[in-house]
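For reference, the structure discussed in these notes is given below.
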Protein chains: 4
Amino acid sequence: MKKVNISTKTKDSKKIKHHRKQILEASIMLFKEKGYHQTTTREIAKSANMSYGSIYDYINSKDDILYLFYEALYDQINVMIIEKLRNNECKGLLRVRSFVKEYFMVIDEISNETSIMYSESRSLSELHLNYVLAKENEFVDYVKNILHVSIQEDGIFISEDKLSLLANNIIVHGHMWAFRGWTLKKTFTLESYTKVQTDLFIDSIIGLKNTEVNEVETVETKSSI
Amino acid sequence: MKKVNISTKTKDSKKIKHHRKQILEASIMLFKEKGYHQTTTREIAKSANMSYGSIYDYINSKDDILYLFYEALYDQINVMIIEKLRNNECKGLLRVRSFVKEYFMVIDEISNETSIMYSESRSLSELHLNYVLAKENEFVDYVKNILHVSIQEDGIFISEDKLSLLANNIIVHGHMWAFRGWTLKKTFTLESYTKVQTDLFIDSIIGLKNTEVNEVETVETKSSI
Amino acid sequence: MKKVNISTKTKDSKKIKHHRKQILEASIMLFKEKGYHQTTTREIAKSANMSYGSIYDYINSKDDILYLFYEALYDQINVMIIEKLRNNECKGLLRVRSFVKEYFMVIDEISNETSIMYSESRSLSELHLNYVLAKENEFVDYVKNILHVSIQEDGIFISEDKLSLLANNIIVHGHMWAFRGWTLKKTFTLESYTKVQTDLFIDSIIGLKNTEVNEVETVETKSSI
Amino acid sequence: MKKVNISTKTKDSKKIKHHRKQILEASIMLFKEKGYHQTTTREIAKSANMSYGSIYDYINSKDDILYLFYEALYDQINVMIIEKLRNNECKGLLRVRSFVKEYFMVIDEISNETSIMYSESRSLSELHLNYVLAKENEFVDYVKNILHVSIQEDGIFISEDKLSLLANNIIVHGHMWAFRGWTLKKTFTLESYTKVQTDLFIDSIIGLKNTEVNEVETVETKSSI
DNA sequence: GATGAATGAGCCTTCATTCAT
DNA sequence: CATGAATGAAGGCTCATTCAT
């Protein structure tokens, strides 16, 4: 899905980029602290070192800032993950492990933004929401693809349904670290959280291997469940 | 944690209950549609078939409505689950299956409320937020306990960490059905979602059984992962 | 000027009297503490041990309460002063001394009411304000008359203008004790305030005697007065 | 006592001064007519020829307007009186006469404000009230000082108590002209009020001279004062 | 382009008054 | 008559957005 274009009075695209970045950085801080609605455009302008009126040379409405926020968030996740996975040469479930680890690390770095994402999506206009949901779908597909390829390399075949759910689970487990950090961090560090969560995940896949790949074999214990 | 008391001008506790229910039902509809901040007290009053000033006979501020919402939500979850599990005589992992099924069904019934819960927790005042977090902790403990007992009955022992994470996962997987319903429902019905999610979950526990319970045994395949 | 009649739903005049008294007593307390506008009818009702709606069986509007307050205040002043002066047999300037003393004592007893009188007269409706001003004029005349008679008895004659001003001064000096009590009470007790204020007052009258009545005479002993 | 600072959104101090003046002038008119509580911020804005929200660029709350009013009132009294007494070269009781005359003239010019001062002091917040009372005390001291010096120059010595009361009396007699103008103006012009009031005042001081300083002396001619 | 003062719609809340019970 | 829940007009204040400079 193509980005929603935000028209501006200003034409100089370099300046637009620069100032929008300022606006965004200020917004993230403020949104995290007080939420989108409690944050005023004046505060954003001040925090972005711009004059009150200037903001409106780079956006059309406060709404746009929220959209810009989501757009930037997805861009960031994409860039960071692709970056980190570039030289990764793992295969099979090891690649999955690797991906989850990198993904969780990314979320940890942007946990503020992730929490905001959960809080404020309802404030998006329909147009902007559609873009965000499309982006989310793209990311699910991306994860599904990684999973699919990796699992196949280990000779495991799973149904489309399960693949889909596993992908969604990974993504949500990442978000969880952000939005349930207040309680998870009492028990886990990012590392231990990643390890335990991944172990469980891999175990469920291997479970799958047994049940699905080889249905004629005598399945142990599980048949009774 | 004790409920935060909300004083009222009116004394008649029957009326209070009745009107608060009206206010809540109206609010849920509106919050779901537009979020807490976009919903005005006038809209709530109108939608609750009350006069404009009357809602302030039953609450003290708009804030209270949000708190009432969270309070009711947790009460509802507790009541519904306890109700449903009352005559359950399953043991072991079957009990876990059963619990997850009932829990997901509850969430499905109150998926609107669950989504709102995720969006609006930031809008709670600190006092009210503390109550909500305490309630959430209580629920995690409740799930941990079910898991612990059930797993033991099947002769599986797992670390406190894993137990904690599994409980959190179950809870979040329930919420997921609400807040990611927009995409999950393209692939799953509640039943299929429950089945697949539970299968994965049980598999990960059985995986645990192999790795943790019997460490001296030669662990298959997994060690290489 | 005749009292402004306040119509009521209730006819039983005994009850009216009783309940209005309750309302007034509650109001004085509350008006002193928070002023007329900050005091709600609910508070008055509660403080008067009546139900919210009942108040409106004895008055027509919150405005009426304020009027009732002023009416009662003037009645009280009249009654109290007449009561106290009944058996007074002083003559001449001694009668003035006596009157001032009694008047200041009355004001001291109702200093709360007096302060309220000053604060809230602007809140009276025009109709009610006219009644109050008429009452005030009556009181000025009453004081002028006392002065006139008393001074004449001592063989002092003063112009109508001066008489008028002296009467107003006495009245305002009484009020002063109420509305400037916050500072006067740092220096004076009611007794010392009365003494010093009266001494000054008598001296100014005796001054008048000299200047106006008989410029060449020497002044007699004031100490006896 | 230092002025209570009222923060503004706007920085331009010239504009602040200008707009606050507008607000104040509008407020005085409206407060005089209807009192502080009956006057709405909307009315003030309209009457001050400002847009509705704009007044909140120059004040923080309706309360501030009242405070600004009192502050301006005291400033005005100080400035006007000092201005008028600058070139006054009278001595003794003549200086007192002169001061009273100027003071009454000032009050007459700001009689609306003076009446408002009496009605609305209860509406001030505690912080602001304290400032006002401190200012009032300062003014009492100022008047006491003038009296003290002037009287001494004429060889009259009076007790601290009497001095204090005389100062308070002068001040209240000024206020009286404002808050009892509705009746005093039926009998007096400012000039005649001033003359009669001052004559009485001087007589009471001369009375003091006789009683306190030298009880046996004969009284000299007052007519020259 | 930048600035920040001006605008006014809209929000939450209060409270005098009414009226069904 | 008494009660107190219901009503809704009105008030103080905020803040996204505009626009003159």
Side-chain angles (χ1 to χ4, degrees), chain A residues 8-12 15-16 19 37-46 50-65, chain B residues 8-12 15-16 18-19 37-46 49-65, chain C residues 8-12 15-16 19 37-46 50-65, chain D residues 8-12 15-16 18-19 37-46 49-65:
Chain A
T8 47
K9 280 157 201 156
T10 312
K11 288 286 165 256
D12 186 339
K15 261 199 175 140
I16 293 177
H19 282 302
H37 279 102
Q38 268 83 359
T39 304
T40 67
T41 51
R42 282 177 129 82
E43 286 171 319
I44 293 171
K46 195 178 176 185
M50 301 173 67
S51 65
Y52 306 149
S54 277
I55 277 201
Y56 285 87
D57 291 337
Y58 303 102
I59 54 158
N60 294 308
S61 72
K62 195 186 170 191
D63 231 56
D64 285 344
I65 300 179
Chain B
T8 48
K9 274 151 206 150
T10 309
K11 287 278 166 282
D12 187 336
K15 275 228 165 89
I16 293 176
H18 171 66
H19 282 302
H37 280 104
Q38 269 89 351
T39 303
T40 68
T41 51
R42 279 176 158 81
E43 286 171 319
I44 292 171
K46 195 177 176 184
N49 268 100
M50 298 175 69
S51 79
Y52 192 39
S54 267
I55 63 172
Y56 284 90
D57 289 339
Y58 301 99
I59 53 156
N60 294 309
S61 71
K62 197 185 170 192
D63 223 61
D64 283 345
I65 300 180
Chain C
T8 48
K9 282 155 200 154
T10 312
K11 289 285 163 257
D12 184 339
K15 262 198 176 146
I16 292 177
H19 282 300
H37 280 101
Q38 267 84 359
T39 303
T40 67
T41 52
R42 282 177 129 84
E43 286 171 319
I44 292 171
K46 197 178 174 185
M50 300 172 68
S51 65
Y52 306 149
S54 276
I55 276 201
Y56 285 87
D57 291 338
Y58 304 102
I59 53 157
N60 294 309
S61 72
K62 197 187 170 190
D63 231 56
D64 285 345
I65 300 178
Chain D
T8 47
K9 276 150 203 149
T10 309
K11 289 277 167 282
D12 186 338
K15 276 227 166 90
I16 292 176
H18 172 66
H19 282 301
H37 280 104
Q38 269 90 349
T39 303
T40 68
T41 52
R42 281 174 165 82
E43 287 170 319
I44 293 171
K46 196 176 174 184
N49 268 98
M50 299 175 69
S51 78
Y52 187 39
S54 268
I55 62 171
Y56 284 91
D57 289 339
Y58 301 99
I59 53 154
N60 294 310
S61 70
K62 196 186 170 190
D63 224 59
D64 283 346
I65 300 180

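Proteins come first, then strands; the chains are lettered A, B, ... in the order of their sequence lines, and each starts at number 1.
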(request) Would you please confirm or rule out a distance under 4.0 Å between OP1 or OP2 of F/dA16 and any side-chain N or O of A/T41? (result) yes
(request) Map C/T39 and A/I55 onto DNA chain E by nearest heavy atom, then report which one ends up closer to the 5' terminus. (result) A/I55
(message) The side chain of D/R42 is closest to which nucleotide in this list: F/dC13, F/dA16, E/dA2?
(response) F/dC13
(request) Let me know the distance between NZ of A/K46 and P of E/dA5, rounded to the nearest Å. (result) 13 Å
(message) Using the side-chain heavy atoms of B/K62, tell me which of these nucleotides is nearest: E/dT13, F/dA16, F/dA2.
(response) E/dT13
(message) Nearest to the side chain of A/S51, heavy atoms from C-beta on, is which of E/dA2, F/dG11, F/dG4?
(response) E/dA2
(message) Quick check: on DNA chain E, is the nucleotide nearest D/N49 upstream (toward 5') of the one nearest C/T40, or the reverse? Name the residue that is more 5'.
(response) D/N49
(request) Rounded to the nearest angstrom, tell me the gap between atom CD1 in B/I44 and atom C1' in E/dC11. (result) 12 Å
(request) Report the nucleotide, chosen from F/dA16, E/dC12, F/dA2, that has the shortest atom-to-atom distance to any side-chain atom of C/S54. (result) F/dA2
(request) Look at the side chain of D/Y52 and the base of F/dC13, then say whether one donor and one acceptor between them are separated by less than 3.5 Å. (result) yes
(request) Would you indicate, yes or no, if E/dT13 has its OP1 or OP2 atom less than 4.0 angstrom from a side-chain nitrogen or oxygen of B/Y56? (result) yes
(message) If I take atom OH in residue C/Y58 and atom P in nucleotide E/dT17, what distance separates them, rounded to the nearest angstrom?
(response) 18 Å
(request) Find out whether B/T41 and B/Y52 are in side-chain contact, i.e. whether some heavy atom of one side chain is under 4.5 Å from a heavy atom of the other. (result) yes
(request) With DNA chain F as reference, determine whether B/M50 or D/G53 sits nearer its 5' end, using the nearest nucleotide of each. (result) B/M50
(message) Closest approach to the side chain of B/H19, judged atom by atom: which nucleotide of F/dA6, E/dT17, E/dC12 is it?
(response) F/dA6
(request) Check every atom of F/dA2, E/dT7, F/dA10 against the side chain of C/D57 and return the nucleotide holding the closest atom. (result) F/dA2
